Amino acid sequence: MAGPLRYDGKVVLVTGAGQGLGREYALLFADRGAAVVVNDLGGSFKGEGQSTRAADKVVEEIRAKGGKAVANYDSVEFGEKLVDTAIQNFGRIDIVINNAGILRDKSFARISDLDWDLIHKVHLRGSFSVTRAAWPHMKKNNYGRIIMTSSAAGIYGNFGQGNYSAAKLGLVGLSNTLSIEGRKYNIKCNAIAPSAGSRMTETVMPPELVAALKPEYVAPLVAYLCHEDTEETGGLFEVGAGWVSKLRWERTQGAVCRTATTKMTPEAVRDAWKDITDFDNATYPQSTTESTRHLIGILGDLDGGLGGKSSSRSSSSSSSSSGGGINVELAKAAKIKPTTFTYEPKDAILYALGVGYTTKDEDYLKFLFEGSEDFSVVPSFCILPSQASTFGSFSGGVPGLGVDVTKILHGEQYMELYKPFPANGKLTSQARVADVLDKGVGALILMEVDTYDEKKEKIAFNQSAIMVIGAGGFQGNKTSPALKALVKPPKRAPDASMAEKTCVDQAALYRLTGDRNPLHIDPSFAAMGGFKQPILHGMCSFGFATRHVMKTYANNDVSKIKAIKTRFSKPVLPGETIQTDMWKDGNRVLFQCKVVETGAVCLMGGYVDLYEGAGDAKPATQPSSGSNMKSDAVFEGMKQQLASRKDLVKKIKAVFGFEITQGGKTASEWTADVKNGDGDVYKGKPKSGKADCTIVISDDDFVDLVTGKLNGQTAFMQGKMKLKGNMMLAQKLGDLFKDQAKL
Ligand code: NAI
């Protein structure tokens with residue numbers, strides 16, 4: 001629940017806090033309950049001289065308002081001394097704002113060694129020294145928030161600031177690495193590039209701008225980034241005039257400027273320049289692993305792996321291939337042999353278990369027990385005959401498709417169901433290559449498969465978009481009319497959501513249905529691909545999403561499912577929670593799945609088309625209760641959130657009761673026990689006896705509150721929400737709503 005952000009009990013060290021931005025940070029943190037170490041050397045803006053006056057004045061200001069502050073007059077070069085001041089006066093250090101700074105502007109050729117060194121000593125070395133001194137304390141406390149102050153001059157460059165811009169961008173690099181190293185200790189580190197009128201900017205900005213760009217338009221971002229509820233880390237933000245914006249790296253698809261048989265030359269680079277610099281279809285790499293994985297893919301494709309051995313296809317005689325053994329015309333003309341796929345209920349049940357069906361839910365019995373009256377095969381099961389028919393296609397089975405199978409990524413999947421699958425079957429599948437697209441970074445192969453039942457009636461159609469990393473650049477088409485398009489979800493909050501934790505053995509189970517790629521089970525194989533552990537099959541997440549939509553909008557009736565499409569955008573690790581957000585649009589349910597623990601979107605642009613007449617099915621957003629309360633889905637999400645954030649019990653230490661009303665009467669009661677054991681969220685009154693804080697609110701208002709449409713304080717003031725018991729605890733509820741806020 002949104003409440004004021006407080007810093008009671010936290011100790012903040014702000015460097016260079018004697019004036020300008022630093023002073024504003026110090027005042028804001030102190031005003032919101034923190035104890036502040038006000039550091040300032042008190043020299044000139046060029047870094048000459050020193051004085052105690054600047055820091056003392058700010059400390060006096062804070063104390064006069066009843067706040068807690070002490071001064072420190074050391075240079076940031078001596079980080080230990082600054083941190084000692086915090087420890088000796090307040091016993092701990094929680095937040096470090098590296099803000100102190102000076103300028104020594106000179107055009108590049110005139111920068112002296114002294115100008116270079118001094119700027120680096122104060123900005124880069126100073127931030128390093130202070131943060132390194134604070135780090136062990138933060139690690140020990142399993143808590144830390146750090147800000148690095150960068151600058152637009154570093155990000156974009158600025159005439160006369162070679163020394164300053166180098167140091168300032170260095171701080172972004174330092175922040176990026178600290179955000180990674182700090183992750184397991186709950187230490188978050190972000191960088192900001194502020195704009196504010198100050199003594200420093202007086203030298204470069206007109207007076208009106210200096211007066212207008214108030215430091216108070218920057219400080220709230222710093223405070224927000226340093227709050228205990230903030231999950232953001234490794235971010236870079238521009239901030240000024242009350243505007244805040246996040247920056248990220250963007251990378252073009254690029255071009256491979258050599259082939260398996262031709263050398264990389266300056267001319268090849270020149271000839272590929274358009275592609276190298278073309279930001280259409282740009283990607284946003286987020287880690288060095290992503291970057292390296294990409295290069296390893298290209299090496300593998302061109303050189304047959306890191307050992308430099310030549311792969312079989314590098315000597316293939318494909319006419320239109322630039323390396324990767326792809327010949328589009330040959331592949332499209334290839335006659336692929338039909339395959340048969342025989343299955344019995346045991347196989348359908350194994351598939352259902354693989355995509356998370358469980359006997360815990362009575363509705364699911366018909367997918368798990370062949371003796372059920374209405375035994376059903378999950379529609380997405382149709383991927384199995386399809387995959388079986390394309391097996392071997394990429395490793396020489398289809399002429400013109402000789403690619404390195406270790407470089408294959410399943411990009412997108414579309415399937416169409418013409419009738420439900422019988423309990424047993426002998427199916428025939430006919431595969432073909434519909435098209436091969438040149439995506440620069442790789443080749444996108446569109447494989448299509450028609451599957452027929454024993455009566456020779458078409459039962460399903462599949463289209464798989466398969467990316468072969470490093471096999472692009474063969475001057476082929478970039479798009480194809482054959483490719484089934486993705487659909488963007490609407491901007492509004494989802495109409496329904498369902499979140500479920502996958503089991504740690506989900507991939508181990510799913511692979512038994514047919515896809516035995518070691519990437520999903522063997523840690524060393526996964527590590528070679530740059531993954532920290534084996535990942536879940538994309539088609540397994542696909543099965544989860546299918547199940548969620550079918551349960552929510554089709555009453556688990558397989559005959560209502562007409563088509564399913566999605567893109568695999570990020571991997572899911574077994575044990576993580578998949579949340580499917582759904583939007584209803586006539587007979588179409590658009591969906592997107594995210595990993596609750598990381599917020600990463602794992603399936604995007606997805607939709608399920610329902611057969612006519614099925615579209616009126618009511619969303620069953622309440623997975624287990626069967627009631628029509630919208631809030632039930634919130635509590636289910638809350639339960640998932642709690643299961644994935646064991647630290648919340650320690651942090652919140654409270655039992656919350658919820659009385660959800662409809663038409664003025666209590667319609668359901670829920671308990672969020674964030675105090676005992678690992679915590680639990682369940683329907684009914686608190687098992688422990690009494691709630692520490694009880695929230696009384698209508699079903700609709702509760703959903704509005706969680707989705708941010710209704711502000712907590714406003715709801716309280718307008719009487720829409722009543723609180724009983726310890727009202728202050730209600731502020732802590734925000735943590736439980738966080739990852740499922742967009743219901
Ligand atoms: P300011 O000059 O008003 O404040 C900087 C403070 O740092 C001064 O009080 C100074 O005495 C102190 N300081 C300098 N060297 C120190 C040292 N070795 N040890 C301890 N304290 C020291 O400057 P302003 O504008 O408030 O800047 C704050 C930070 O924001 C700086 O890092 C600056 O580079 C950065 N920045 C500011 C921008 C702006 O528009 N104001 C633009 C981009 C970056």
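For reference, positions follow the sequence shown, starting with 1. The structure presented is a predicted model; accordingly, all values stated were derived computationally and were not measured.
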*Are any non-hydrogen side-chain atoms of V70 and R63 less than 4.5 angstrom apart?*
yes

_Are I146 and W135 packed together at the side-chain level, in the sense that at least one heavy-atom pair is separated by less than 4.5 angstrom?_
yes

*asked:* Using every non-hydrogen atom in the two residues, find where A196 and V218 come nearest and quote the distance to one decimal.
replied: CB-CG2, 4.3 Å

*For D673 and S688, test the side chains for any donor-to-acceptor distance below 3.5 angstrom and give the result as yes or no.*
no

*May I ask you to check if K687 and Y682 form a cation-pi contact, with NZ or CZ under 6.0 angstrom from the six-membered ring centre and within 45° of the axis?*
yes

*Do R547 side-chain atoms and V355 backbone N/O form a donor-acceptor pair below 3.5 Å?*
yes

*Where the side chain of R92 meets the backbone of H137, is there a donor-acceptor pair that is under 3.5 Å apart?*
no

*T502 side-chain N/O to E576 backbone N/O, donor-acceptor pair under 3.5 Å*: yes

*Minimum heavy-atom distance between M148 and S127, given as atom pair plus value*: SD-CB, 3.9 Å

_From CZ (F544) to CD (Q506), nearest 0.5 Å_ = 4.0 Å

*Between S150 and P194, what is the shortest heavy-atom contact and its length?*
O-CD, 3.5 Å

*Checking N190 side chain against E232 main chain: does a donor-acceptor pair fall under 3.5 Å?*
yes

*asked:* Test side chain to side chain contact (heavy atoms under 4.5 Å, CB included) on L27 and I62; report intermediate values, then the result.
replied: CA-CA 6 Å; L27 294 178; I62 291 174; 3.7 Å; yes

*Enclosure of W249 CH2 (heavy-atom neighbours >12, cutoff 6.0 Å)*: no

*In terms of the angle between their ring planes, are F635 and F702 parallel, tilted or perpendicular, with boundaries placed at 30° and 60°?*
parallel

*Please check if the side chain of Y7 supplies one atom and the backbone of A223 the other of a donor-acceptor pair under 3.5 Å.*
yes

_Non-hydrogen side-chain atoms of V76 and N98 separated by less than 4.5 Å_ = no

*Quick one: does T671's side chain have a donor or acceptor within less than 3.5 Å of a partner on G657's backbone?*
no

_side chain to side chain contact (heavy atoms under 4.5 Å, CB included) between D701 and M721, worked out_ = CA-CA 8 Å; D701 288 341; M721 175 173 70; over 6 Å; no

*Looking only at heavy atoms, what is the nearest atom pair of L729 and I652, with distance?*
CD2-O, 4.5 Å

*What is the distance from atom CG of L247 to atom CD1 of I155, rounded to the nearest 0.5 Å?*
5.5 Å

*Side-chain contact test, heavy atoms from C-beta onward, threshold under 4.5 Å: evaluate it for N99 versus E24 and give yes or no.*
no

*Does the side chain of L13 come within less than 4.5 Å of I97's, by heavy atoms?*
no

*Fit a plane to each ring of Y357 and Y364, take the angle between them on a 0 to 90° scale, and name the class: parallel (under 30°), tilted (30 to 60°) or perpendicular (over 60°).*
perpendicular

_If you count every heavy atom of other residues, nucleotides or ligands that lies below 6.0 Å from Y143 atom OH, does the total exceed 12?_
yes

*asked:* For C226, is there any backbone N or O sitting under 3.5 Å from a side-chain donor or acceptor partner on T230?
replied: no

*When rounded to the nearest 0.5 angstrom, what distance separates CG in L590 from CE in M582?*
11.5 Å

_Any side-chain donor near an acceptor of the partner, E597 and T577, under 3.5 Å_ = yes

*Gap between atom CG of L536 and atom OG of S541 - 0.5 Å precision*: 4.5 Å

*Consider only side-chain N and O atoms of D361 and T358, and report whether a donor and an acceptor are under 3.5 Å apart.*
no

*Pick from K650, K10, R6: which one makes a salt bridge (Lys or Arg N to Asp or Glu O under 4.0 Å) with E228?*
K10

*Identified side-chain contact (heavy atoms from CB on, under 4.5 Å) counterpart of T694 within the set K685, K722, E659*: E659

*Starting from the C-alpha separation in whole Å, work towards a yes-or-no answer on side chain to side chain contact (heavy atoms under 4.5 Å, CB included) for T661 and D699.*
CA-CA 6 Å; T661 62; D699 193 37; over 6 Å; no

*Output yes when a side-chain donor or acceptor of R32 lies under 3.5 Å from a complementary backbone atom of L5, and no otherwise.*
yes

*asked:* For a 4.5 angstrom cut-off between non-hydrogen side-chain atoms, does K653 reach D692?
replied: no

*So, the side chain of S631 versus the backbone of V634: is there a donor-acceptor pair under 3.5 Å, distance only?*
no

*Do other residues, nucleotides or ligands put more than 12 heavy atoms under 6.0 Å from K57 NZ?*
no

_Between the side chains of D700 and K720, is the shortest nitrogen-to-carboxylate-oxygen separation below 4.0 Å, so that they form an ion pair?_
no

_Contact between F591 and D581 at the side-chain level, heavy atoms closer than 4.5 Å - yes or no?_
no

*Quick one: CD1 on I192 to CG on L221, what's the gap to the nearest 0.5 Å?*
6.5 Å

*Taking N72 as the fixed residue, which of T85, T15, D40, D84 is the one that meets the side-chain hydrogen bond (donor to acceptor under 3.5 Å, both in side chains) rule?*
T85

*Flag the pair L225 / F237 as yes when at least one side-chain heavy-atom distance between them is below 4.5 Å, and no otherwise.*
yes

*Which atoms form the tightest heavy-atom contact between K724 and V696, and what is the distance?*
CE-CG2, 3.7 Å

*asked:* If I compare all heavy atoms of S698 with all of I660, which pair ends up nearest, and what's the gap?
replied: C-CG2, 4.2 Å

*Any chance you could measure K184, atom NZ, to I187, atom CD1, to the nearest 0.5 Å?*
11.0 Å

*Counting distance only, does the side-chain N/O of N726 pair as donor-acceptor with the main-chain N or O of C693 below 3.5 Å?*
no

*Trace of the side chain to side chain contact (heavy atoms under 4.5 Å, CB included) decision for K651 with D229*: CA-CA 10 Å; K651 194 164 147 193; D229 289 346; 3.3 Å; yes

*asked:* Below 30° counts as parallel, above 60° as perpendicular, anything between as tilted: where do the rings of F656 and F658 land?
replied: tilted

